[in-house]
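Here is the structure we will look at, set down as structure tokens.
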Amino acid sequence: MQIAILAAGQGKRMNSARPKVLHPIAGRPILAHILDTARSLSPRKLCVVYGHGGEQVRAALAAPDVLWAHQAQQLGTGHAVAQAMPLFEDQGSVMILMGDVPLIRPATLAALAAAAGPDRVAVLTVLATDPKGLGRIVRDEAGRVVRIVEDKDATAEERAIREINSGIFCVPAGRLRGWLGKLSNHNAQGEYYLPDIVAMAVAEGIEVIAQQTEHEWETLGINTKAQLAALERIHQHNLAAALLDAGVTILDPARIDIRGELICGRDVEIDVGCVFEGRVELGDDVKLGAYSVLRNVKVGAATRVAPFCHFEDAEIGPSGVLGPFARLRPGTVLAEDVHIGNFVEVKNSQIAAHSKANHLAYVGDATVGSRVNIGAGAITCNYDGANKHRTIIEDDAFIGSDTQLVAPVRVGKGATIGAGTTLTRDAPADALTVSRARQTSFTGWQRPKRLDKK
Ligand code: UD1
Ligand code: CA
């Protein structure tokens with residue numbers, strides 16, 4: 001099998017400077033999805049026909065197994081396939097995929113290839129809800145496919161046909177080469193239409209199979225931002241459905257966005273509005289509150305995340321308690337039963353088991369031991385304007401509220417730092433360290449009185 005993906009069109013109706021096939025579905029270019037699906041068929045050759053925004057498309061999707069055929073002028077889908085033919089051999093067949101139809105499934109393509117066999121033409125069709133603008137499958141009285149007519153060339157009677165051409169074909173390579181050479185552009189759009197090969201095959205007595213798929217969404221193309229958004233929702237719905245099947249509780253499958261890989265253990269619960277990017281792993285019994293964004297994160301079993309959290313490139317241990325409004329930045333590693341509460345930011349820090357920073361703290365470039373309590377408003381001053389320095393807090397330390405830990409600095413095991421301390425030197429183990437002006441009270445002091453104005 002050899003595969004050509006047609007992706008030279010401009011996508012004018014997207015109203016965007018970005019080439020159409022680079023717009024994202026689930027965070028990845030449309031074309032990347034189609035390339036992955038194509039690869040799942042293990043083709044001997046995989047060729048993308050590109051044109052508009054060419055260099056940008058090639059740069060974004062370059063891979064050792066992808067061949068590129070340039071179509072300088074978009075003269076039609078038949079002309080586009082012709083640009084790939086010099087790269088293909090006459091043995092076997094050529095499958096043609098549309099660069100703007102991203103949700104087609106591997107199983108559907110495999111079935112199409114099987115229907116085509118070595119010497120038939122197979123076209124993937126569907127009964128469209130709204131066939132407007134699409135090519136119609138014309139059959140004779142016996143139900144045999146005769147030809148495909150484009151919407152703009154169709155008679156009123158033909159326009160009433162609901163079975164449409166998905167644009168996806170599987171064709172014997174040698175015959176395809178011959179037919180492409182004979183295409184004409186005498187039609188309403190002045191283009192070389194790939195679907196015209198159907199009538200040519202019929203004329204030569206080659207069997208044409210119209211293979212209907214039951215899922216219209218697989219064949220939907222993207223021409224506008226509205227269609228991009230619609231397909232994104234369909235794709236997300238499919239991803240959510242697969243998770244539900246696997247036993248994940250998703251409170252509303254219509255309100256989840258997975259832009260990468262989401263791996264869930266048993267009895268995971270995900271509330272509405274969560275966004276997953278990159279690779280996210282949720283352990284058994286994890287409960288994720290509403291409206292959180294997780295990017296490249298591993299969450300240990302039984303951890304609870306309250307709403308409105310943002311985690312990126314972080315690892316969270318089991319039985320953690322996080323949020324609401326917690327932020328974990330790259331390089332954060334939390335051990336078992338760590339609590340990170342509201343408006344606490346952690347960056348490039350390791351926090352050992354049972355430690356807590358429950359409110360309004362910044363922990364940056366720190367190594368924090370076990371059972372440490374970091375009070376409200378405590379911050380590491382890790383940056384001196386030129387370099388970053390580490391703060392080390394040993395096991396069982398207690399960091400009072402509103403403390404500034406001016407790094408590099410170390411808080412010894414079991415040390416207590418009094419509230420409001422600006423710690424510029426190491427604090428010894430087990431002692432109370434406090435830096436703060438001594439509290440004074442003035443008895444007999446009188447509040448100023450307001451002078452009466454005349
Ligand atoms: C095409 C089919 C139509 C089918 C529909 C399904 C033709 C003539 N019509 O129509 O029967 O129902 O798809 O979606 O084939 N492309 C190129 N070079 C070109 C022209 C197109 O690479 O010169 C690429 C486009 O980038 C796109 C794909 O081919 O990815 C389809 O082209 P498009 O112009 O969208 O065809 P439709 O009018 O949708
Ligand atoms: Ca199209």
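Whatever order the structure lists them in is the order used to number ligands and atoms, beginning at 1. Only a predicted model underlies this, so the values are computations on that prediction, with no experimental measurement involved.
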Check each atom of ligand 1 against the heavy atoms of Ala80 and keep those under 4.0 Å away; list them by number with element. 17 (C), 18 (N), 22 (O)
Kindly compute the distance separating CG (Leu176) from CE (Met85), expressed to the nearest 0.5 Å. 4.5 Å
Can you name the atoms of ligand 1, numbered from 1 with element, that are less than 4.0 Å from a heavy atom of Gly9? 17 (C), 22 (O), 25 (C), 26 (O)
Glu150: numbered ligand 1 atoms lying under 4.0 Å from its heavy atoms: 2 (C), 3 (C), 7 (C), 8 (C), 9 (N), 11 (O)
Quick check for you: to the nearest 0.5 Å, what is the distance between Leu282 atom CG and Cys274 atom SG? 9.0 Å
Looking at ligand 1, is there an atom of it that comes within less than 4.0 Å of some heavy atom belonging to Met98? yes
If we only count heavy atoms from C-beta on, is the Trp217 to Arg105 side-chain gap below 4.5 Å? yes
Nearest-option assignment for atom 23 (O) of ligand 1, heavy atoms, candidates Gly76, Gly221, Gly133: Gly76
As an exercise, identify every atom of ligand 1 less than 4.0 angstrom from a heavy atom of Leu75. 23 (O)
Give the intermediate values and the outcome of salt bridge (Lys or Arg N to Asp or Glu O under 4.0 Å) for residues Arg159 and Asp153. CA-CA 9 Å; Arg159 284 203 180 110; Asp153 300 283; over 6 Å; no
Which ligand 1 atoms, with their elements, are less than 4.0 angstrom from a heavy-atom of Leu134? 5 (C), 6 (C), 12 (O), 14 (O)
Filtering Arg13, Lys20, Gln71 for the heavy atom nearest atom 18 (N) of ligand 1 leaves Gln71
Identify whether the distance between the nearest side-chain nitrogen and carboxylate oxygen of Arg147 and Glu158 falls below 4.0 Å. yes
Glu163: which residues meet the side chain to side chain contact (heavy atoms under 4.5 Å, CB included) condition with it, sequence neighbours left out? Thr125, Leu127, Ile137, Arg139, Ile161, Ala210, Gln212
Would you indicate which of Pro19, Ala82, Ala8 comes nearest to atom 22 (O) of ligand 1 when only heavy atoms are counted? Ala8
Mind checking whether Val49 has a heavy atom under 4.0 Å from ligand 1? no
Below 3.5 angstrom, do we get any N/O pair linking Leu6 and ligand 1? yes
Can you list the residues that meet the side chain to side chain contact (heavy atoms under 4.5 Å, CB included) rule with Glu89, with sequence neighbours excluded? Gln2, Arg44, Lys45, Gln91
Of the non-hydrogen atoms in Ala361 and Ile374, which two are nearest, and what is the gap between them? CB-CG2, 4.3 Å
What atoms of ligand 1 come closer than 4.0 angstrom to any heavy atom of Gln74? 18 (N), 19 (C), 23 (O)
Just jot down the ligand 1 atoms closer than 4.0 angstrom to any heavy atom of Ser166, in number order. 6 (C), 14 (O)
Shortest reach to atom 7 (C) of ligand 1 by a heavy atom, considering only Val21, Thr219, Thr77, Ile5: Thr77
Under 4.0 Å to a heavy atom of Gly135 - the qualifying atoms of ligand 1, by number: 3 (C), 4 (C), 11 (O), 12 (O)
Is there side-chain contact between Val126 and Ser166, with at least one heavy-atom pair below 4.5 Å? no
With distance as the sole test, does Asp196 use its side chain to make a donor-acceptor pair with the main-chain N or O of Met200 at under 3.5 Å? no
